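To start, the structure under review is shown below, and the notes come after it.
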Protein chains: 2
Amino acid sequence: MNKTVVIVEDDDGLREQLLKIIGKAPDVKCIGAYASAEEAIRGIQKATPELVLMDIKLPCMSGIQCVAELKKIAPAVQIIMVTVYEDSERIFRALKAGAIGYLVKSSPPSEILAAIRDVSKGASPMSTPIARKIVQHFHSLGASAQQEETLSAREHEVLELLSKGFIYKEIGEQLNIESETVRSHVKNICQKMHVRGRVEAVAKHNR
Amino acid sequence: MNKTVVIVEDDDGLREQLLKIIGKAPDVKCIGAYASAEEAIRGIQKATPELVLMDIKLPCMSGIQCVAELKKIAPAVQIIMVTVYEDSERIFRALKAGAIGYLVKSSPPSEILAAIRDVSKGASPMSTPIARKIVQHFHSLGASAQQEETLSAREHEVLELLSKGFIYKEIGEQLNIESETVRSHVKNICQKMHVRGRVEAVAKHNR
DNA sequence: GCGCGAATCCCCGAAATCGGGGACTGACAA
DNA sequence: TTGTCAGTCCCCGATTTCGGGGATTCGCGC
């Protein structure tokens with residue numbers, strides 16, 4: 001069973017290179033190669049591949065936007081980013097948009113082919129520096145979550161309801177306490193989390 | 001140069017098995033094996049390894065808590081979770097606590113050894129189902145972020161400042177507009193995001 | 001037993017936010 | 001040209017929140 005693949009890459013040299021790599025693999029078939037996001041979207045609507053190799057830096061529409069668009073018209077396509085960018089912001093935006101993997105362009109051909117084969121087996125191929133960036137993201141989340149550890153169980157409940165948009169009166173009703181008590185809790189929460197008000201506390205909480 | 005490793009695993013059989021795997025590798029040296037988090041913390045204070053293989057299910061203190069404690073007393077130790085649990089909640093908690101990698105127990109010996117060797121090269125080894133879980137987490141984040149796409153640039157600015165805890169007046173000063181205008185933006189933001197108030201909008205924004 | 005923190009409830013006046021309107025400009029598209 | 005939409009500003013009264021106090025109970029640990 002051949003895996004059908006499409007390449008989206010504006011640099012002619014790199015596109016040819018990727019085509020060559022895929023051409024050598026007997027179990028992978030390239031059914032399209034486009035130099036822009038717009039072309040890719042049109043092409044993929046006609047011939048939908050199982051997988052897409054996507055560059056981020058594209059003329060006009062970015063690769064990340066393209067991922068979001070492709071996921072709308074063909075949710076089943078698996079998209080692997082292949083790019084030189086290693087900044088966290090782009091990685092997260094690409095993954096949020098729906099990409100299933102993220103490789104740096106310097107990856108050896110074997111790694112790219114392995115990635116293509118592995119996604120259908122449930123993998124999410126990522127180059128080592130990318131994986132590290134993602135883990136570090138969680139570490140920083142943990143650091144800010146540490147302040148929340150000092151919150152009591154009741155305070156956690158209040159904070160949770162607060163972030164759902166309830167006002168003190170409603171929170172009081174749900175916890176069977178007075179709204180004034182809720183307010184006391186909120187005061188303590190703000191002190192403990194070193195924030196100016198409930199809005200910032202909620203922001204920190206959900207970060 | 002030998003890598004120094006410590007094992008924390010309460011199951012005698014599995015601990016012996018891991019010891020055997022590491023014993024066979026010439027470039028890795030096990031300097032301790034503990035059956036509980038408490039023992040591990042005491043032992044690691046005396047003999048600090050470069051890396052720790054950590055089980056999650058431990059008697060009394062959990063492996064995740066142990067990670068947090070170890071990171072406090074020896075921030076430089078790299079910790080790889082080795083566990084049967086594959087639920088997102090535990091994965092995220094472990095990573096937030098400071099773990100650098102996450103392997104399932106069914107991983108072959110070669111993968112475990114490769115993981116130990118790769119962390120010092122900047123990798124964050126993760127079993128394939130774990131990586132996929134993490135990517136899916138980002139996908140779900142993206143779905144909720146989709147509502148935010150309809151927000152205009154100005155509205156984004158306001159939302160950003162709002163989540164930093166500023167009040168309308170302060171936001172107005174920073175953007176050189178009236179606080180009343182800020183309020184108009186907030187009204188529109190709340191409508192577009194289908195939320196009841198600015199607090200919920202901020203919560204959704206940072207989720 | 002005593003202190004301490006968590007949890008509860010209360011009060012005041014001031015400040016901020018909300019709901020629900022209206023109105024003007026400028027840009028860009030149909 | 002005529003919408004439409006983002007962005008700006010304004011008003012009213014009602015509601016909610018804030019700041020800064022105080023007070024009680026209850027359980028836990030020293």
Side-chain angles (χ1 to χ4, degrees), chain A residues 37-38 41 60-62 65 68-69 145-207, chain B residues 38 60-61 65 69 145-207:
Chain A
E38 292 79 0
I41 290 168
C60 296
M61 189 190 284
S62 81
Q65 281 178 277
E69 292 300 318
Q146 220 171 348
Q147 297 176 312
E148 273 188 58
E149 279 176 36
T150 61
L151 265 55
S152 70
R154 203 53 154 173
E155 286 163 352
H156 266 118
E157 283 181 306
V158 171
L159 188 53
E160 197 56 46
L161 292 169
L162 212 47
S163 76
K164 289 207 173 81
F166 296 111
I167 63 174
Y168 296 163
K169 207 199 303 179
E170 293 165 331
I171 295 174
E173 280 163 15
Q174 288 182 54
L175 299 179
N176 287 315
I177 54 178
E178 296 298 309
S179 73
E180 272 298 329
T181 311
V182 176
R183 206 164 88 80
S184 291
H185 287 311
V186 173
K187 283 181 199 172
N188 293 330
I189 290 169
C190 292
Q191 272 204 335
K192 287 186 184 176
M193 292 180 74
H194 309 292
V195 294
R196 297 177 50 191
R198 69 199 202 293
V199 182
E200 199 183 345
V202 165
K204 217 165 197 173
H205 172 65
N206 283 254
R207 195 161 343 164
Chain B
E38 290 80 0
C60 295
M61 190 190 285
Q65 280 178 277
E69 293 301 319
Q146 221 173 349
Q147 297 176 314
E148 273 187 57
E149 279 176 36
T150 62
L151 264 54
S152 72
R154 203 52 155 175
E155 286 162 352
H156 265 117
E157 284 181 304
V158 172
L159 188 53
E160 198 56 46
L161 291 170
L162 213 46
S163 76
K164 288 206 173 81
F166 295 110
I167 62 175
Y168 295 163
K169 206 201 302 178
E170 293 165 332
I171 296 173
E173 279 162 16
Q174 288 183 55
L175 299 178
N176 287 313
I177 55 177
E178 295 297 311
S179 71
E180 273 296 331
T181 310
V182 176
R183 207 164 87 80
S184 290
H185 287 311
V186 173
K187 284 179 197 172
N188 292 329
I189 291 169
C190 292
Q191 273 204 334
K192 286 185 184 176
M193 292 180 75
H194 309 294
V195 294
R196 296 176 53 190
R198 71 199 200 293
V199 183
E200 200 184 346
V202 164
K204 218 166 197 171
H205 171 64
N206 283 255
R207 198 163 342 168

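Given the structure is predicted, the values throughout are model-derived calculations rather than measurements. Below, read A as the first sequence line, B as the second, and so on, with proteins coming before strands; counting in each chain starts at 1.
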Relative to the 5' end of DNA chain C, which residue comes earlier, A:Asn176 or A:Arg198, by the nucleotide with the nearest heavy atom?
A:Asn176
Between the base of [N] and the side chain of [X], is there a donor and acceptor pair under 3.5 angstrom?
| X | N | value |
| --- | --- | --- |
| A:Lys187 | D:dG19 | no |
| B:Arg183 | C:dG21 | no |
| B:Ser184 | D:dC9 | yes |
| A:Glu178 | C:dC10 | no |

So which one's nearest nucleotide on DNA chain D is more toward 5', A:Arg196 or A:Ile167?
A:Ile167
Atom-pair distance ([atom1] on [X]; [atom2] on [N]), nearest Å:
| X | N | atom1 | atom2 | result |
| --- | --- | --- | --- | --- |
| B:Lys169 | D:dT17 | NZ | C1' | 15 Å |
| B:Gln191 | C:dC18 | CD | C1' | 13 Å |
| A:Asn188 | D:dT17 | CG | P | 17 Å |
| A:His185 | D:dC18 | NE2 | P | 15 Å |
| A:Leu151 | C:dG5 | CG | C1' | 14 Å |
| A:Lys192 | C:dA6 | NZ | C1' | 8 Å |
| A:Ile171 | D:dT17 | CD1 | P | 8 Å |
| B:Glu200 | D:dT16 | CD | P | 16 Å |

OP1 or OP2 of C:dA6 versus the side-chain N and O atoms of A:Ser152: is any pair under 4.0 Å?
no
For a quick test of reading the model: is some side-chain N or O of A:Tyr168 closer than 4.0 Å to OP1 or OP2 of D:dC18?
yes
Among C:dT8, D:dT16, C:dC18, the one nearest any side-chain atom of A:Arg154 is C:dT8
Given D:dC11, D:dT8, C:dC11, which nucleotide is nearest the side-chain atoms of A:Glu180?
C:dC11
Between A:Lys192 and A:Thr150 (side chain of the first, backbone of the second, donor and acceptor by atom type, cut-off under 3.5 Å), is there such a pair?
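Flag set: sc A:Lys192 to bb A:Thr150 pair under 3.5 Å.
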Given side chains that start at C-beta, do those of [X] and [Y] come closer than 4.5 Å, heavy atoms only?
| X | Y | value |
| --- | --- | --- |
| A:Glu173 | A:Lys169 | yes |
| B:Glu180 | B:Arg183 | yes |
| B:Arg154 | B:Ile177 | yes |
| A:Ile41 | A:Met61 | yes |

Would you sort out whether B:Glu170 and B:Lys164 count as a salt bridge (charged side-chain N to carboxylate O under 4.0 Å, His left out), showing the intermediate values?
CA-CA 11 Å; B:Glu170 293 165 332; B:Lys164 288 206 173 81; over 6 Å; no
Contacts of A:Ser152 that satisfy side chain to side chain donor-acceptor pair (under 3.5 Å) - sequence neighbours left out
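Checked A:Ser152 against side chain to side chain donor-acceptor pair (under 3.5 Å); matches are A:Glu155.
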Have a look at B:Tyr168 and tell me which of B:Leu161, B:Val158, B:Val182 forms a side chain to side chain contact (heavy atoms under 4.5 Å, CB included) with it.
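The residue from B:Leu161, B:Val158, B:Val182 that satisfies side chain to side chain contact (heavy atoms under 4.5 Å, CB included) with B:Tyr168 turns out to be B:Val182.
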Compute the bend angle of the helix from C:dG1-D:dC30 to C:dA30-D:dT1 from the end axes (five pairs per end), rounded to 10°.
50°
